[in-house]
Amino acid sequence: MELVKVKDYNEMSAKACSIILDMMEQEKNPVLGLATGSTPEGLYQQFIHQYNIGNVSFSNVTTFNLDEYVGLSEQDPNSYHYYMKDKLFHHIDINLEQVNIPNGRARDLEQECLDYERKIKESGHIDIQVLGLGLNGHIGFNEPGTAFSSKTHVVKLAESTRKANSRFFSKLEQVPREAITMGIETIMQAKKILLLVSGEKKSNALTRLIEGEVSEDFPASILKHHPNVVVLADTAAC
Ligand code: GLP
């Protein structure tokens with residue numbers, strides 16, 4: 001795990017963007033793993049900027065998002081489908097047929113998880129997976145205690161995660177109790193992982209990641225066993 005310290009959120013976003021664009025130049029059909037939350041918003045703005053100035057095209061890119069709430073429609077502004085269109089996909093030339101986000105309204109959620117896992121495999125695996133860090137060490141929606149061997153699955157959200165994410169909803173009761181998430185093993189199969197950590201409120205989680213043991217009690221700790229992880233952390237988080 002390589003820790004790269006950057007000055008601030010903007011530098012983190014710009015650096016993440018340049019690492020991903022470098023990879024996209026080398027791959028004929030790049031496969032990108034994407035995340036939601038506040039952390040990657042700056043990265044997505046950088047993508048849009050690079051696209052607008054003619055530096056990059058996303059027309060040959062396939063994407064897989066980490067997760068989605070169970071029960072929210074794609075039109076719900078709190079769904080990750082909506083987030084991705086609003087913050088990125090509607091502003092670049094990506095082919096929406098090559099965009100993959102778990103369907104949290106699938107009739108058979110278990111089947112949806114199996115299908116999602118199969119699609120990732122068929123794509124030839126994710127070239128770079130972008131990750132944010134939950135305050136309790138969650139990655140995707142893999143909460144503490146999730147087996148490191150987990151594949152895409154339905155999860156019950158920790159109350160602390162519901163509370164942290166309630167800032168996007170008008171009331172805590174509106175935050176879904178379940179989500180579909182790529183599993184930890186699914187994430188670990190990405191060829192490269194880019195973990196973005198910004199802000200003082202993430203400093204405890206970052207310290208535990210760097211100094212703590214590898215344990216299912218802190219899901220992100222497994223990244224220490226991946227051969228190609230870059231942690232981009234800003235001064236406030238460090
Ligand atoms: C959310 C998402 C994660 C995200 C994390 C951190 O619950 N499911 O994918 O990385 O929490 O969010 P933020 O970037 O807003 O701090």
Side-chain angles (χ1 to χ4, degrees), residues 6 8-10 12-13 16-17 32-46 63-72 76-84 86-88 100-104 113 116 120 126 128-146 150 152-169 172 174-184 186-188 190 193-209 218-223 229-234 236-238:
V6 291
D8 55 20
Y9 182 76
N10 288 342
M12 178 191 78
S13 305
C17 179
L32 259 186
L34 298 176
T36 49
S38 309
T39 309
E41 284 187 25
L43 165 64
Y44 298 155
Q45 281 162 14
Q46 291 282 337
T63 63
F64 286 93
N65 262 78
L66 281 170
D67 46 19
E68 176 59 288
Y69 289 114
V70 166
L72 299 189
D76 188 315
N78 280 309
S79 75
Y80 289 164
H81 277 79
Y82 187 100
Y83 170 108
M84 288 310 301
D86 185 46
K87 308 234 182 281
L88 181 63
N100 299 278
I101 305 176
N103 176 7
C113 294
Y116 202 68
I120 296 173
I126 290 169
I128 296 189
Q129 174 66 57
V130 177
L131 290 182
L133 182 62
L135 296 176
N136 60 4
H138 75 237
I139 46 176
F141 266 136
N142 292 288
E143 299 286 17
T146 306
S150 56
T152 301
H153 61 297
V154 178
V155 286
K156 196 173 168 322
L157 298 177
E159 277 315 293
S160 60
T161 300
R162 292 186 65 241
K163 221 180 235 164
N165 289 2
S166 67
R167 67 189 193 275
F168 301 111
F169 294 76
L172 178 63
Q174 288 174 350
V175 185
R177 292 179 187 279
E178 287 184 322
I180 294 183
T181 183
M182 276 186 203
I184 293 182
T186 323
I187 293 170
M188 288 291 282
I193 293 176
L194 206 49
L195 176 70
L196 307 182
V197 193
S198 169
E200 210 183 322
K201 69 174 196 288
K202 296 288 171 77
S203 64
N204 285 343
L206 183 61
T207 305
R208 186 156 172 202
L209 172 66
F218 195 78
S221 62
I222 189 66
L223 298 177
V229 175
V230 174
V231 182
L232 286 180
D234 67 8
C238 292

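Source: prediction; values computed, not measured. Throughout, residue positions are numbered sequentially from 1 according to the sequence presented. Both counts, for ligands and for their atoms, begin at 1 and track the order of listing. Below, all heavy atoms of this structure are taken into account, side chains as well, without hydrogens, waters or symmetry copies.
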Q: Just let me know how Tyr69 lines up against ligand 1, side chain, backbone, both or neither, with a heavy-atom cut-off below 4.0 Å.
A: neither

Q | Which segment of Ala35 sits under 4.0 Å of ligand 1 when only heavy atoms are counted | A | neither

Q. What protein heavy atom is closest to atom 4 (C) of ligand 1, reported as residue, atom name and distance in Å?
A. Thr36 O, 4.1 Å

Q. Would you say Tyr83's side chain and Thr36's backbone share a donor-acceptor pair under 3.5 angstrom?
A. no

Q. Any idea which atoms of ligand 1 are less than 4.0 Å away from a heavy-atom of Phe141?
A. 7 (O), 8 (N)

Q | Minimum heavy-atom distance between Ile187 and Ile193, given as atom pair plus value | A | O-CD1, 3.6 Å

**Q.** Polar side-chain atom of Asp67 near backbone of Ile180 as donor-acceptor pair, under 3.5 Å
**A.** no

Q: Do me a favour and list the nearest non-hydrogen protein atom to atom 16 (O) of ligand 1 with residue, atom name and distance?
A: Lys202 NZ, 2.6 Å

Q | atom 12 (O) of ligand 1 - nearest protein heavy atom and its distance | A | Gly37 CA, 4.1 Å

Q. Which is it for Asp67 and ligand 1 at heavy atoms under 4.0 Å: side chain, backbone, both or neither?
A. side chain

**Q.** Heavy atoms of other groups near Glu200 CD, more than 12 under 6.0 Å
**A.** no

Q: Of the side chain and backbone of Ile139, name the one, both, or neither that has a heavy atom under 4.0 Å from an atom of ligand 1.
A: neither

(Q) Distance check, rounded to the nearest 0.5 Å: Leu43 atom CG versus Tyr9 atom OH? (A) 8.0 Å

Q | Any N/O pair Ser38/ligand 1 closer than 3.5 Å | A | yes

Q.
Could you go through Asn100 and Ile120, starting from their C-alpha distance and side-chain angles, then the distance that decides it, and tell me whether this counts as side-chain contact (heavy atoms from CB on, under 4.5 Å)?
A. CA-CA 9 Å; Asn100 299 278; Ile120 296 173; over 6 Å; no

Q.
Among all protein heavy atoms in this structure, tell me which lies nearest to atom 14 (O) of ligand 1, with the distance rounded to 0.1 Å.
A. Thr39 OG1, 2.4 Å

Q) If you count the atoms of ligand 1 from 1 in the order shown, which ones are under 4.0 Å from a heavy atom of Tyr80? A) 2 (C), 8 (N)

Q | With Pro219, the side chain to side chain contact (heavy atoms under 4.5 Å, CB included) member among Ile184, Leu209, Asn136 | A | Ile184

(Q) Among all protein heavy atoms in this structure, tell me which lies nearest to atom 6 (C) of ligand 1, with the distance rounded to 0.1 Å. (A) Leu133 O, 3.8 Å

Q. For ligand 1, which atoms, with element, lie under 4.0 Å from some heavy atom of Asn165?
A. 1 (C), 7 (O)

**Q.** Heavy atom of the protein closest to atom 3 (C) of ligand 1 (residue, atom name, distance)
**A.** Gly140 O, 3.5 Å

Q | Reference residue Pro102; test side chain to side chain contact (heavy atoms under 4.5 Å, CB included); the match among His81, Glu68, Met182 | A | Glu68

Q. For Leu133, does its backbone N or O pair with a side-chain atom of Lys202 as donor and acceptor, under 3.5 Å?
A. yes

Would you give me the side-chain donor-acceptor pairs under 3.5 Å for residues 153-165, sequence neighbours excluded?
residue	atom	partner	partner atom	Å
His153	ND1	Lys151	O	2.7
Glu159	OE1	Arg162	NH1	3.0
Glu159	OE2	Arg162	NH1	3.3
Thr161	OG1	His138	ND1	3.3
Thr161	OG1	Glu143	OE1	3.1
Thr161	OG1	Glu143	OE2	2.7
Arg162	NE	Val175	O	3.2
Arg162	NE	Pro176	O	3.3
Arg162	NH2	Leu172	O	3.0
Arg162	NH2	Val175	O	2.8
Asn165	ND2	Tyr69	OH	3.1

Q.
Counting non-hydrogen protein atoms only, what is the nearest one to atom 11 (O) of ligand 1? Give residue, atom name and distance.
A. His138 NE2, 3.1 Å

**Q.** Partner set under ring pair (Phe, Tyr, Trp, His ring centres under 6.0 Å) for Tyr116, not counting sequence neighbours
**A.** Phe64

Q: For ligand 1, indicate whether the residue Arg167 contacts it via side chain, backbone, both or neither (heavy-atom separation under 4.0 Å).
A: side chain

Q. At a 4.0 Å threshold, what atoms of ligand 1 neighbour a non-hydrogen atom of Gly132?
A. 10 (O)

